[in-house]
2 protein chains.
Amino acid sequence: MELGKAEEIAQTLRARIMQGILPEGTKTASERDLSEEFGASRMTVRRAIDIIEGEGLVVRLPGRGTFVARLRDRVVVDRGREVREAVEGYPMPSREQRMSDSFLKDIECLGPNSRVQFLEQPSLVAADKETAQHLQIPIGTLVLKRYQLHLVDGLPHCLIESYYPSDLFGELLTTDIGDEPLFVWLHERHHLSVAHTQEVLIARLATQSERRLLRISSKAPVVVLNRKVWTEEKRPVEWAHIIAVAALYTFTYEYDIAKRHRPTP
Amino acid sequence: MELGKAEEIAQTLRARIMQGILPEGTKTASERDLSEEFGASRMTVRRAIDIIEGEGLVVRLPGRGTFVARLRDRVVVDRGREVREAVEGYPMPSREQRMSDSFLKDIECLGPNSRVQFLEQPSLVAADKETAQHLQIPIGTLVLKRYQLHLVDGLPHCLIESYYPSDLFGELLTTDIGDEPLFVWLHERHHLSVAHTQEVLIARLATQSERRLLRISSKAPVVVLNRKVWTEEKRPVEWAHIIAVAALYTFTYEYDIAKRHRPTP
DNA sequence: GAGTGGTCTAGACCACTAT
DNA sequence: TAGTGGTCTAGACCACTCC
C-alpha cells in the first residue's frame with residue numbers, strides 16, 4: 001500500500017516507542033532533528049507527530065519538547081459495573097490502569113498524583129436555556145457553577161463545567177467539602193441518593209480555548225461527555241459538560257440487553 | 001483572546017454554516033479561492049477546514065470539493081434504553097436524528113438510504129490471540145469473520161470487523177439472511193438470546209487505511225468501539241471492532257447507579 | 001483539460017522554556 | 001541565549017473528478 005511520507009515517519013516513531021527504543025517519559029528528538037534524519041521538511045515531521053499524538057503515544061509541551069506518553073496514564077472510565085456485579089460469571093475487564101471503579105469515585109475522583117484546579121471560583125449563575133432545561137428549572141434560576149481542570153502528574157486530563165441546583169448545593173459556596181465526593185456529601189447532607197444517569201458522548205477536535213487549557217495540539221481529538229444525573233426521586237441534580245483529552249481516556253460501558261429479540265416493526 | 005489565523009477563518013466559516021449562508025449539502029468555495037479571500041496561504045485555509053471538518057461541519061471529497069455536512073445525518077447510538085424504560089418518569093432524549101433505537105437494530109441496523117458493503121467475503125479464519133480470548137475459545141479455532149463498510153447516502157460512516165463462533169454462525173457462509181439482524185437470526189435458529197454486552201470506546205485520529213476506506217482527511221477523529229456480546233448462558237457470541245467517523249456519531253448511554261453511596265475505602 | 005483536495009518543501013517569525 | 005514547539009507563507013506536484 002502507498003503510504004505518505006508523514007505516515008511513514010509516524011510508523012517509524014510508533015515502532016521506536018512500541019519496541020521500547022524510546023521509553024516512557026523520554027524526550028524525543030526535536031522536530032528539526034527528525035526532519036534532518038528523515039530527509040523531510042519540518043511540516044511533514046509535524047504531521048507525523050500529529051498522527052502519533054492523536055493516538056496518545058506522545059505529548060507535546062511547547063517550549064520544552066515532545067515526550068513519550070506514559071501509557072499507564074490512560075484513565076479507564078468504567079461504567080455499568082453495577083450491572084456486571086449483579087450478573088456473575090462475566091469476566092472482569094483488566095483492572096490495571098484503572099483510576100475509577102465506581103460511579104461515585106468516578107471521572108471526578110482524585111487518583112494518585114492527580115489534582116483539581118478550579119478555573120473559576122464556584123459561583124451562582126443564572127441558568128441559561130440549556131442548563132435550565134436539563135435541570136428542569138425556569139430559565140434564569142440561580143444554579144451553582146463549577147469549572148474545573150483535572151490534572152494527573154501535572155498533565156491536564158479533562159475540563160469539567162458543571163451545574164447544580166442551588167437550593168441543594170448553594171452552601172458549597174461557603175463550605176469546603178475537601179475530597180469528599182459531591183454525591184456522598186449530597187446523601188449525608190440532604191439524604192438524597194443519586195440513582196440514574198445519562199451520558200452523551202461525542203468525539204471531535206479540540207477548540208482553541210480547550211487546547212490552551214488542556215495543553216494539546218490543534219489536531220488532538222477530545223471526547224465531549226455531557227452528563228446528567230438524577231436522584232431516586234427523579235430530580236436532576238447535575239448537568240455537566242466534560243471535555244476529556246481523547247488520548248488519555250478509555251470509556252467502558254457494560255449493560256444488560258433487554259429481553260426483546262425483535263426490532264420494533 | 002488571541003486567535004490564530006486558521007482559527008479565525010474556521011470561525012468565519014463556522015458562522016456562515018450556522019447562519020445558513022452556506023446551507024447543508026452546499027459546496028463551499030475551494031481552498032484556493034478561500035486563501036485568496038482571507039489573504040492567507042492555502043495551508044492555513046486547510047488547517048481552518050481541518051478544524052471544522054473535525055467538528056463535523058463539512059465533508060471533504062477529494063477531486064470534487066468540500067461540502068457542508070448534513071447535520072441530521074449524525075447517527076445517534078442509544079444504549080441502555082432498556083434501563084430507562086424500566087424507570088418511568090425520566091425524560092426521553094430527543095428522538096429526532098435517531099437511526100437506531102434498540103440494541104438489535106443497533107449500530108448495525110440499516111436506516112433509510114444506508115447500505116452495507118462487504119470489504120471481504122465472510123469467511124472462516126483462525127482466531128488470533130485477542131479474538132480467541134474474547135470469544136473464550138482456543139487460539140486457532142475457526143471463527144466466522146465479517147468485514148463491512150457501512151454507508152449512509154453513499155457516505156462511509158463506519159467500518160465493522162466482527163468475529164463469531166463458527167459452530168453457531170458458520171452456516172452464514174452459505175446462507176444469506178438479508179436484512180435480518182444477526183441476533184434475531186441467532187434466536188430463531190439456535191434459540192440463544194443475547195443478554196449482555198460490554199463496549200470499550202476510544203477516540204483517536206484515523207489511520208491511513210481507515211482514512212482511505214472512510215474517505216476522511218488525516219485530521220478527522222474516529223471512535224473505536226470494541227464490542228463484546230454474551231448470551232443469557234454467558235457465552236460470548238460476538239467480538240467486534242467498530243471504527244466510526246467521530247463527526248457522524250453521537251453515543252448515548254443511560255443507566256442506573258448502584259445503591260452504594262460511598263467509595264470503597 | 002480545468003478544477004479539486006492531498007501532500008510536500010524550505011524557508012520564516014513567534015512565544016515559551018531552560019540554563 | 002539557545003532550543004523548542006506553534007504558526008504561517010508561497011510556492012510545487014500528484015491523483016482524482018467532472019465536463
Side-chain angles (χ1 to χ4, degrees), chain A residues 1-10 13 26-54 58-69 154-155 205-220, chain B residues 1-10 13 26-54 58-69 154-155 205-220:
Chain A
M1 195 178 83
E2 268 306 314
L3 285 178
K5 205 161 184 174
E7 196 76 33
E8 237 172 55
I9 296 172
L13 296 177
T26 311
K27 184 175 173 181
T28 67
S30 75
E31 296 174 352
R32 288 167 178 82
D33 288 351
L34 287 172
S35 74
E36 193 170 341
E37 174 187 349
F38 289 103
S41 77
R42 192 177 148 219
M43 281 298 283
T44 305
V45 169
R46 275 185 67 72
R47 290 198 45 247
I49 298 178
D50 285 343
I51 291 169
I52 61 173
E53 185 196 26
V58 296
V59 174
R60 289 204 259 215
L61 300 179
R64 295 179 58 193
T66 301
F67 299 83
V68 179
L155 207 71
L205 296 184
T207 66
Q208 171 103 350
S209 60
E210 288 162 0
R211 282 173 359 222
R212 209 187 55 243
L213 291 166
L214 293 169
R215 297 213 285 174
I216 52 179
S217 83
S218 65
K219 285 112 190 179
Chain B
M1 195 178 83
E2 269 304 314
L3 285 176
K5 205 161 185 172
E7 197 77 33
E8 237 172 56
I9 297 172
L13 297 177
T26 310
K27 184 173 174 181
T28 68
S30 74
E31 297 174 352
R32 287 166 179 86
D33 288 350
L34 287 172
S35 74
E36 192 169 343
E37 173 187 348
F38 289 103
S41 77
R42 192 176 151 218
M43 282 297 284
T44 305
V45 169
R46 277 186 66 72
R47 290 198 45 248
I49 298 178
D50 285 345
I51 292 169
I52 60 173
E53 185 196 26
V58 297
V59 175
R60 287 204 260 219
L61 300 179
R64 296 180 58 194
T66 302
F67 298 83
V68 179
L155 207 71
L205 297 184
T207 65
Q208 170 104 355
S209 59
E210 288 162 0
R211 280 170 5 220
R212 209 187 55 246
L213 291 166
L214 294 169
R215 298 211 285 173
I216 52 179
S217 83
S218 66
K219 288 109 191 180

For A/Phe67 and C/dT17, what is the distance between atoms CZ and C1' respectively, to the nearest whole Å? 10 Å

Minimum heavy-atom separation for A/Ala10 and A/Ile52, please, with both atom names. O-CG2, 3.7 Å

Please determine whether the number of non-hydrogen atoms from other residues, nucleotides or ligands lying under 6.0 Å from atom CD of A/Glu37 exceeds 12. yes

Between atom CZ in B/Arg212 and atom C1' in C/dG5, what is the gap in whole Å? 17 Å

Residues B/Glu53 and B/Val58: closest non-hydrogen pair is CG-O, 3.6 Å

Counting only side-chain N and O atoms of A/Arg64, is one of them less than 4.0 Å from OP1 or OP2 of D/dG5? no

Does A/Arg215 have more than 12 heavy atoms from other residues, nucleotides or ligands lying within 6.0 Å of its CZ? no

Between P on D/dT4 and CZ on A/Arg215, what's the gap in Å once rounded to a whole number? 18 Å

Per-nt protein contacts along nucleotides 6-13 of chain C (heavy atom under 4.0 Å; B base, S backbone sugar-phosphate only, - none) come out as BBBBB-BB

Quick one: do A/Leu13 and A/Leu34 satisfy side-chain contact (heavy atoms from CB on, under 4.5 Å)? Show the steps, please. CA-CA 10 Å; A/Leu13 296 177; A/Leu34 287 172; 4.2 Å; yes

Think A/Ser30 has a side-chain N or O under 4.0 angstrom from the OP1 or OP2 of D/dT4? yes

Just how far is it from atom OG1 of B/Thr26 to atom CZ of B/Phe67, taken to the nearest 0.5 Å? 9.5 Å

